[in-house]
Amino acid sequence: MPNAATETRSRITLRVNGKEYTLVVDHRVTLLDALRELLDLIGAKKGCDHGQCGACTVLVEGRRANSCLLLAVAHDGAEITTVEGLGDAAAPHPLQQAFIDRDAFQCGYCTPGQLCSAVGMLAEAEAERSSPEEPLGLDRAAIAERMSGNLCRCGAYPRIVDAVQDVIR
Ligand code: FES
Ligand code: FES
């Protein structure tokens, strides 16, 4: 009879984009695969699957994270936001609109990760300020540095920075 030590699957609950999902996952399943394969939320992309490209970036409890490196079972009860939760065509997130306005993508494969990472980065910069009146202190170099975990094989970096700067303004 299985016990906790030998059980290889667990029932977990994830709150994704404001909606609660209960699912049974193998303990080896990553958060990325749970989102894509079990919940059909295919916005987060699998690039390297090794924590090196950022294509799989989502927000976990509001903080950006590479979902390919996280085990779903370790995030029972967690609040997850994927690109689908940022906005949609009818009501895009300001960053999504800025990416469109600035033409900040070519193939678009990295874009969901870039967007989630930018949302997380802006939240980090806001949290670091001593007062809401203080500027975010994100010039082009700082944005590039803070977004350096998100690779773009199409080389859309200058326009991605343009889009982030538009939102900061
Ligand atoms: Fe997760 Fe590349 S797919 S970092
Ligand atoms: Fe193609 Fe970034 S837009 S990888």
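Both ligands and their constituent atoms are indexed starting at 1 by order of listing.
At distances below 3.5 Å, at least one donor-acceptor pair connects side-chain atoms of Ser148 with backbone N or O atoms of Glu145. Under the 3.5 Å distance criterion, the side-chain polar atoms of Ser67 are left unmatched by any main-chain donor or acceptor of Leu31.
Of all protein N/O/S atoms, those lying under 2.8 Å from atom 2 (Fe) of ligand 1 come to 2.
Ligand 2 has no atom lying under 4.0 Å from any heavy atom of Ala156.
Applying the 6.0 Å contact sphere to CZ of Arg140 captures more than 12 heavy atoms from other residues, nucleotides or ligands. For Arg129, the CZ atom sits in a packed shell: over 12 heavy atoms of surrounding residues, nucleotides or ligands are nearer than 6.0 Å.
Listed by number with element, the atoms of ligand 2 under 4.0 angstrom from any heavy atom of Gly108 are 1 (Fe), 3 (S). When each atom of ligand 2 is checked for a heavy atom of Arg153 under 4.0 Å away, the hits are 4 (S).
Glu84 CD to Leu39 CG: the interatomic distance, rounded to the nearest 0.5 Å, is 10.0 Å.
Between Asp162 and Arg159, none of the side-chain N atoms (NZ, or NE/NH1/NH2) sits under 4.0 Å from a carboxylate O, so this pair counts as no salt bridge.
The shortest side-chain heavy-atom distance between Ile12 and His75 does not fall under the 4.5 Å cut-off.
Every residue two or more places apart in sequence or in another chain was checked for a side-chain hydrogen bond (donor to acceptor under 3.5 Å, both in side chains) with Glu37, and none qualifies.
Protein heavy atom at the shortest distance from atom 3 (S) of ligand 2 is Gln106 N, 3.2 Å.
Considering atom 2 (Fe) of ligand 2 as centre, the angle to SG of Cys110 and to SG of Cys152 is 100° (10° rounding).
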